[in-house]
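See below for the structure under consideration.
In what follows, chains are A, B, ... by sequence order, proteins preceding strands, each numbered from 1.
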Amino acid sequence: MMGPIKIPFWPPNLSICIQNWTPLIMHCKVFDKTRTRTMYVWNALFRALTLAGHGIETLNLYREMNSLGIPSDRFSYTYALKACVASECLISLLQKGKEIHAHILRNGFEGHVHIMTTLVDMYARFGCVSYASSVFDEMPVRNVVSWSAMIACYAKNGKPFEALELFREMMLETQDSFPNSVTMVSVLQACTALAALEQGKLIHGYILRRSLDSILPVISALVTMYAKCGNLELGRHVFDQMEKRDVVSWNSLISSYGIYGFGKEAIQIFKEMIHQGISPSPISFVSVLGACSHAGLVEEGKILFESMVKKHRIYPSVEHYACMVDLLGRANRLDEAAKIIEGMRIEPGPEVWGSLLGSCRIHCNVELAERASKRLFELEPTNAGNYVLLADIYAAAKMWDEVKRVKKLLESHGLQKVSGRSWIEVKRRIYSFVSVDEFNPHVEQLHAFLVKLSEEMKEKGYVPETKAVLYDLDTKEKERIVLGHSEKLAVAFGLINTNNGETIRITKNLRLCEDCHSVTKFISKFANREILVRDVNRIHHFQDGVCSCGDYW
DNA sequence: CTAGGGTTAG
């Protein structure tokens, strides 16, 4: 007689295993007549496979179950949906997910909170925000988890405004869907994305009132929020107040110091973490290597990279290699960076080539840039940033025909250059600027302000840097273009509309331009203002004519 | 046997 099947530790050769298992399960059905018992076995198998990341196998088995005429139950649906996103393969299982979605509706499960929430999450992970929100909107019953899933969907897919708006709506629903710690983490991420410091402080207040301030994920998210919103001190303060810390809390602090360009301090914190008995995770190394790279600490970075395997038995992933390429490339050791790629023991992905291309831009290396971009265009043909980087490099080398060619290439993929945008929070309102902005009512005043400022600066030795301009124009024209950059408009707006002594906080969606960097340094001295600019990857803290990045970025 | 969350490069 066969007893109940126990799921053993999963053996490595899955496909063979599944072939052996399927008849076993069918066999089991013969012995165990009750249907729930059989479903339990199927579901347990789905669970084991999905947890191990074998989405394809789960779905194959799921199909087999269906073809045997066994209907899904509420458990199998959630596993099948999770399997669509838990695949090791790169092929998209979105279509499969939609099919299961249809089955769910056809079989009358549209009122099942667990299944519908899983559905929201599945679409979220595919980046299909509108699908997720329409499922969410149609849900007859919602609870904290469903609300949190939808807020997380917005926060993770570049829709922070929508995330905060939904959170507001959630708070109005007074029934049984009070936000909990999981909700708050996503809400904090939305504040981080917007660099909305004041909003973040209000959320912090709410967290304190709801006594959610001792939950590790919440505190880590708080530390990151404060640091990335331009207030490292408050982030540090939250960290210091923690009673218990885990590796993620430490990672938050390490990367926080890193983005400001405080590399030595980041290394110090990394060492302190180990000293306190916490083993570094792979992400700790990404954070600390990133910090070295931001600060130009090449030798320190190399030593840390070597210690990964030797001391901590952590094998470098693509991300770690990308950090090393960035570290060396930025320091103008491009040949060494290229050697790192050649010596990689895993397939170099777009992250690695992207790092190399970025470094080529800084040091105007056309030849290497062409090599890197060739690979990049194959690996991620629809990433507009790569084309723009290459065009930048050609423009810097005055190779205007090539610039045109790359721009055409970009357009041939139906893409366009992401335009620069900066924003600033003044009196709890967010003001946004783009470089050529005819609709912003403040622009004329700001332009006049900047023209006057630039004249004054020129007398004091300022020379505009127009390398960032991708058009073959004369110097005067180029100067006019860089003077209208969104980050300069935002700084000017901040100077005019905030009080003396108030810190100005700007956020930009792209990398800060070189000319804007030197102008902001200048302003910080002559207007005697502290100015923080957060660009795509880091924070520049300007004070008294100096920037925390040490002009290395 | 069921749903949501922390830290990551450029």
Check your understanding: Which part of the nucleic acid, if any, lies within reach of A/R330 when heavy atoms closer than 4.0 Å are counted: base, sugar-phosphate only, or nothing?
Key -> sugar-phosphate
Check your understanding: Under 4.0 angstrom, heavy atoms only, what part of the nucleic acid is A/R47 near: base, sugar-phosphate, or nothing?
Key -> sugar-phosphate
Review point. Taking the side chain of A/S186 as its heavy atoms from C-beta onward, which of B/dA3, B/dG6, B/dG5 lies nearest to it?
Key: B/dG5
Practice item. Pick base, sugar-phosphate or nothing for A/H112, based on heavy-atom distances below 4.0 Å to the nucleic acid. Key: base
Revision key, fill the gap. The nucleotide from B/dG4, B/dT8, B/dG5 with an atom nearest the side chain of A/V144 is B/dG4
**Study point:** Flag for A/T118-A/D121: side-chain donor and acceptor within less than 3.5 Å
**Key:** no
Check your understanding: Can A/D137 and A/S134 be counted as having a side-chain donor-acceptor contact under 3.5 angstrom?
Key -> no
Check your understanding: Out of B/dC1, B/dG5, B/dT8, which has the shortest distance to the side chain of A/V286?
Key -> B/dT8
Check your understanding: With a non-hydrogen cut-off below 4.0 angstrom, is A/I215 in contact with a base, only sugar-phosphate, or nothing?
Key -> base
Can you list, pair by pair, the side-chain donor-acceptor contacts under 3.5 Å of residues 212-229 of chain A, counting residues two or more places apart and other chains?
from   : atom 1 : to     : atom 2 : distance (Å)
A/S220 : OG     : A/L216 : O      : 3.2
A/T224 : OG1    : A/S220 : O      : 3.1
A/Y226 : OH     : A/H204 : ND1    : 2.8

Practice item. Could you tell me how the ring of A/H517 sits relative to the ring of A/W553: parallel (under 30°), tilted (30 to 60°) or perpendicular (over 60°)? Key: parallel
Point to revise | Check: A/H540 side chain, A/C547 main-chain N or O, donor-acceptor pair, under 3.5 Å | key: no
Check your understanding: Roughly how many Å is it from CG in A/L81 to P in B/dG4, rounded to a whole number?
Key -> 11 Å
Review point. Would A/W147 and A/F167 count as a close aromatic pair, with their ring centres under 6.0 Å?
Key: no
Exercise for review: Compare side-chain N and O positions of A/Q189 against OP1 and OP2 of B/dG6 and report whether any pair is under 4.0 Å apart.
Suggested key: yes
Exercise for review: Using only side-chain N and O atoms of A/K228, determine if any of them is under 4.0 Å from OP1 or OP2 of B/dT7.
Suggested key: no
Review point. Out of B/dT8, B/dG5, B/dT2, which has the shortest distance to the side chain of A/H114?
Key: B/dT2
Review point. Nearest to the side chain of A/K156 - B/dG4, B/dT2, B/dG5?
Key: B/dG5
Practice item. Determine the contact category for A/V113: base if any of its heavy atoms lies under 4.0 Å from a base atom, sugar-phosphate if only primed atoms, P, OP1 or OP2 are that close, otherwise nothing. Key: base
Review point. Nearest of B/dG5, B/dT8, B/dG4 to any side-chain atom of A/A149?
Key: B/dG4
Practice item. Indicate, with a heavy-atom threshold strictly under 4.0 Å, whether A/R125 touches base, sugar-phosphate, or nothing. Key: sugar-phosphate
Review point. Among B/dT8, B/dT2, B/dG4, which is the nearest nucleotide to the side chain of A/S255?
Key: B/dT8
Exercise for review: Tell me what A/S293 touches on the nucleic acid: a base, only sugar-phosphate, or nothing, going by heavy atoms under 4.0 Å.
Suggested key: sugar-phosphate
Point to revise | Listed nucleotide nearest any side-chain atom of A/K82, set B/dC1, B/dG6, B/dG4 | key: B/dG4
**Study point:** Base of B/dG5 paired with side chain of A/S181 (donor-acceptor, under 3.5 Å)
**Key:** yes
Point to revise | Whole-Å distance separating the CG atom of A/N537 from the C1' atom of B/dA9 | key: 8 Å
**Study point:** Base B/dG4 paired with A/N180 side chain (donor-acceptor, <3.5 Å)
**Key:** yes
Point to revise | Between B/dA3 (C1') and A/D73 (CG): distance, integer Å | key: 15 Å
Check your understanding: Between the base of B/dG6 and the side chain of A/N251, is there a donor-acceptor distance below 3.5 Å?
Key -> no
Practice item. Could you check how far CZ of A/R142 sits from C1' of B/dG4, rounded to whole Å? Key: 15 Å
Review point. Atom CH2 of A/W147 to atom C1' of B/dA3: distance rounded to whole Å?
Key: 16 Å
Check your understanding: Rounded to the Å, how far apart are A/L166 CG and B/dG4 C1'?
Key -> 13 Å
Review point. Should we say atom CD of A/E169 is surrounded by more than 12 heavy atoms from elsewhere, each under 6.0 Å from it?
Key: yes
Study note, to complete from the structure: In whole angstroms, the gap separating P of B/dT8 from NE2 of A/H320 amounts to 13 Å
Review point. In whole angstroms, how far is the C1' atom of B/dT8 from the CG atom of A/L327?
Key: 16 Å
